[in-house]
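If you're wondering where the values come from, they're calculated on a predicted model, not measured in any experiment. Order of the sequence lines sets the chain letters (A, B, ...), proteins ahead of strands, with each chain counted from 1.
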Amino acid sequence: MEVQVLPGRIPIIDVDGEIDHYAVPELESKIMAFIDEGHASIILDFSDVSYIDSAGVALIILSIQKSSPLGGKVGLVVTNKNVLKILDIVGITKLAEAFSLYSSVEEALADMSGEQRG
Amino acid sequence: MEVQVLPGRIPIIDVDGEIDHYAVPELESKIMAFIDEGHASIILDFSDVSYIDSAGVALIILSIQKSSPLGGKVGLVVTNKNVLKILDIVGITKLAEAFSLYSSVEEALADMSGEQRG
Amino acid sequence: MVDNKHRIERRLDVQSHTKNLALIRNEVEDVASKCGFSDADIYQMKVAVSEAAANAIEHGSPLGEKNQVHLQIECSPGRISIEVIDEGVFKARLPVTNGRPSHRGRGIFLMTALMDEVNITEGQEGTIVRLVKLKNKESLKEREHFPA
Amino acid sequence: MVDNKHRIERRLDVQSHTKNLALIRNEVEDVASKCGFSDADIYQMKVAVSEAAANAIEHGSPLGEKNQVHLQIECSPGRISIEVIDEGVFKARLPVTNGRPSHRGRGIFLMTALMDEVNITEGQEGTIVRLVKLKNKESLKEREHFPA
Ligand SMILES: Nc1ncnc2c1ncn2[C@@H]1O[C@H](COP(=O)(O)OP(=O)(O)O)[C@@H](O)[C@H]1O
Ligand SMILES: Nc1ncnc2c1ncn2[C@@H]1O[C@H](COP(=O)(O)OP(=O)(O)O)[C@@H](O)[C@H]1O
């Protein structure tokens with residue numbers, strides 16, 4: 001996991017590899033701590049994630065539930081077809097409250113930065 | 001379903017019989033409409049409920065989710081052992097946010113009225 | 001060695017409508033009590049079957065009330081097996097409510113929690129949910145320790 | 001009439017720890033690809049098996065890492081069957097998070113969504129989850145319409 005924070009820009013959390021029940025506990029505590037530091041809105045960049053299961057799904061929902069009461073929003077970037085299929089099955093792709101799905105980091109930044117400045 | 005509203009007292013919604021996927025849609029719209037009328041806190045009296053399944057569980061959770069943002073609370077009265085077992089399995093008995101479980105209407109009124117006056 | 005006096009088979013086909021859930025539960029109760037299951041066991045299988053039938057009606061009936069739900073109950077001395085069969089395709093999508101994760105989706109979990117065996121098969125003609133409950137589970141466990 | 005060249009049986013017993021989930025998924029991938037399943041099918045069964053194994057580790061291992069998780073894979077030409085067996089008792093309780101309904105509890109649903117058959121049995125020695133996937137489902141369906 002790698003975090004990119006630039007002043008005036010929404011932070012990007014870059015996760016790669018397999019997000020399973022083994023990887024999630026550490027990822028979860030890092031992401032929760034990062035939001036707690038005052039980063040209400042984040043971009044989760046899963047472009048290089050090759051595998052996700054229900055633990056990863058729970059992580060996404062938890063991030064939204066943490067970010068939303070702080071007035072923030074979670075942008076999720078997914079490109080892998082198999083990963084997208086899992087997110088579709090559990091309904092993540094249809095979430096609309098404090099959440100958006102993107103196919104690239106650029107798209108996420110363009111869309112979410114507009115809102116943040118408002 | 002029978003609703004008892006007395007001035008200065010938390011309204012009691014008395015449900016009896018079987019709360020299944022057939023009964024819930026009507027119950028749900030009535031209870032939601034009732035909360036919408038300005039009754040943030042309610043007591044759901046399930047003392048005479050002989051059967052409940054996941055539709056009834058969803059109804060309880062929905063009531064809490066409707067009542068909680070209005071500053072209200074849902075008190076649930078359950079006496080039937082079989083019904084209690086189902087609520088236990090799905091975790092309802094352990095919910096603590098804007099929700100309490102009681103074994104009699106009197107107990108619910110005594111406990112919830114104190115909080116309401118505060 | 002099957003005690004044929006206690007072997008019961010029953011089939012029920014009903015219109016796919018939630019108003020028939022009570023009918024389905026009654027059928028289960030009738031057979032299970034004839035088979036000698038306890039009240040607590042009967043209550044649990046009624047809930048499990050009702051969940052499966054509600055899914056058959058809500059998710060497994062592409063033609064709505066024109067479809068049917070099929071119930072097949074088989075009871076041998078120590079065991080009841082109840083199949084709920086619909087005429088649809090398993091829908092692999094969890095519902096979303098107002099853009100938020102849904103408070104629903106507890107039906108399949110309840111079945112597994114209440115029964116000893118749950119089998120969900122996506123058949124050619126429709127989804128088949130088989131629910132099995134064993135009688136006298138404790139005595140079975142004892143048998144393990146004292147083999148005949 | 002079974003094509004023995006394509007019949008594979010494999011057994012794996014691992015320590016009950018989530019770090020071994022990747023190992024379990026690799027084993028599934030290895031057998032399933034030897035059996036000729038498509039990449040999409042293999043991905044789906046890896047997720048389903050991983051969910052079952054995660055449950056075995058998190059809910060079905062009363063002694064924690066002292067327990068084992070057992071994987072039994074059988075592949076015949078048109079069909080793979082994967083059993084995940086633990087050493088615990090099925091826990092019939094959904095988790096609650098901070099007094100609110102949990103965002104968890106999607107594992108069993110995912111298994112049913114991704115496989116053609118899911119069987120959960122509360123055995124004497126532990127919970128047995130059997131996951132089955134069929135190959136060439138479309139051709140099976142065609143056969144229905146054009147019987148030999
Ligand atoms: N008989 C069925 N036919 C088609 N899809 C089904 C069937 N049973 C379950 N499903 C799918 O599984 C999901 C989860 O089912 P369940 O756990 O009972 O919760 P719910 O019905 O409340 O959504 C359903 O939303 C549906 O997508
Ligand atoms: N192998 C198992 N042993 C014991 N209990 C289990 C097992 N698998 C599932 N369960 C029970 O079923 C519940 C639902 O499982 P699942 O749908 O995978 O969601 P989650 O594991 O995220 O809670 C678990 O919380 C647990 O109570």
Side-chain angles (χ1 to χ4, degrees), chain B residues 15-33 35-36 44 46 48-70 74 76 78-99, chain C residues 14-26 28-29 32 37-61 65 69 84 86 94-115 118 129 131:
Chain B
V15 183
D16 58 8
E18 306 199 315
I19 309 188
D20 68 357
H21 284 74
Y22 177 57
V24 161
E26 195 184 325
L27 281 177
E28 180 177 316
S29 65
K30 282 189 186 167
I31 294 174
M32 294 304 118
I35 297 176
D36 265 336
L44 293 175
F46 284 10
D48 295 320
V49 166
S50 57
Y51 174 91
I52 198 167
D53 60 24
S54 74
V57 170
L59 176 66
I60 296 169
I61 295 178
L62 206 63
S63 303
I64 300 170
Q65 287 176 346
K66 182 98 182 171
S67 157
S68 164
L70 305 171
V74 174
L76 177 68
V78 178
T79 50
N80 183 303
K81 260 194 182 172
N82 290 324
V83 171
L84 211 53
K85 165 109 194 199
I86 301 296
L87 299 183
D88 197 24
I89 288 175
V90 295
I92 288 278
T93 52
K94 271 171 280 158
L95 296 185
E97 191 149 307
F99 176 80
Chain C
V14 300
Q15 190 201 6
S16 177
H17 191 292
T18 53
K19 73 180 176 215
N20 290 323
L21 289 172
L23 201 72
I24 290 173
R25 289 196 295 271
N26 284 347
V28 169
E29 173 151 21
F37 277 90
S38 71
D39 281 353
D41 275 353
I42 293 175
Y43 183 85
Q44 294 184 11
M45 57 184 100
K46 279 166 72 179
V47 175
V49 172
S50 204
E51 295 292 342
N55 280 346
I57 295 164
E58 291 178 7
H59 309 296
S61 296
E65 300 180 23
V69 175
V84 177
D86 65 37
L94 272 189
V96 169
T97 317
N98 302 327
R100 288 157 68 187
S102 174
H103 50 278
R104 298 192 46 181
R106 287 172 180 77
I108 295 174
F109 166 73
L110 258 183
M111 295 178 216
T112 62
L114 296 171
M115 304 299 285
V118 173
V129 177
L131 304 162

Could you check whether any side-chain heavy atom of B/His21 comes within less than 4.5 Å of a side-chain heavy atom of C/Leu21, counting everything from C-beta outward? yes
To the nearest 0.5 Å, atom CG of B/Asp20 lies from atom NZ of C/Lys46 at 10.5 Å
The interface call for B/Lys85 against chain C, heavy-atom contacts under 4.5 Å, is side chain
Check: Would a 4.5 Å heavy-atom cut-off, applied to side chains only, mark C/Phe109 and B/Ile89 as touching?
Finding: yes
Is the backbone N or O of B/Ser54 less than 3.5 Å from a side-chain atom of C/Glu51, with the two atoms forming a donor-acceptor pair by type? yes
Do the non-hydrogen side-chain atoms of B/Ile61 and C/Arg106 ever get within less than 4.5 Å of each other?
yes
Of all heavy-atom pairs linking C/Tyr43 and B/Ile52, the shortest is OH-N, 3.2 Å
Honestly, the part of C/Ile57 sitting under 4.5 Å from a heavy atom of chain B is neither
Is the CG atom of C/Asp39 crowded by more than 12 outside heavy atoms at less than 6.0 Å?
no
If one checks every heavy atom of B/Val83 against chain C at 4.5 Å, the contacting part turns out to be both
message: With heavy-atom distances below 4.5 Å as the criterion, would you say the side chains of B/Asn82 and C/Val47 are in contact?
response: no
